[in-house]
Amino acid sequence: MPRASLTDASDQQLVAWALDGRQDAYRELVHRYTHAVMTVIYQVVRNRERAKDLAQVTFVKVFAA
């Protein structure tokens, strides 16, 4: 059975797949939300490199949880 397209999947479906161990679904979520997370963090720290580092830490913590 072929897997559904990740780009067409809802966030809820991607989360369910990620929780089932599909790393491709987690990568799609990261792809979808990197800009938004970076924007929020940058507004706080006002340093692009620091914001990139903190965004990466954020996504690692999400993955671990």
Inset, instruction - Determine whether more than 12 heavy atoms belonging to other residues, nucleotides or ligands lie under 6.0 Å from atom CZ of R32. - result: yes
Legend entry - Reported CZ-to-CG distance for the pair R27 and L14, which is rounded to 0.5 angstrom: 12.0 Å
Inset, instruction - Evaluate the side-chain proximity of D24 to W17: yes if any heavy-atom separation is below 4.5 Å, no if none is. - result: no
Legend entry - Heavy-atom closest pair, residues Y26 and V60: OH-N, 4.2 Å
Inset, instruction - Verify the cluster assignment for V15 and V30: are they in a single hydrophobic cluster under the rule of side-chain heavy atoms below 4.5 Å apart? - result: yes
Legend entry - Minimum heavy-atom distance A25-A18, with the two atoms named: CB-N, 3.8 Å
Legend entry - Non-hydrogen atoms of L6 and E28 that approach each other most closely: O-CG, 3.9 Å
Legend entry - Partner of V37 by side chain to side chain contact (heavy atoms under 4.5 Å, CB included), out of T34, I41, V40, T39: I41
Legend entry - Q13 atom CD: more than 12 heavy-atom contacts under 6.0 Å: yes
Legend entry - Separation of Q23 CD from F63 CZ (nearest 0.5 Å): 5.0 Å
Legend entry - Single-linkage hydrophobic cluster, 4.5 Å side-chain cutoff, L54 and V62 together: yes
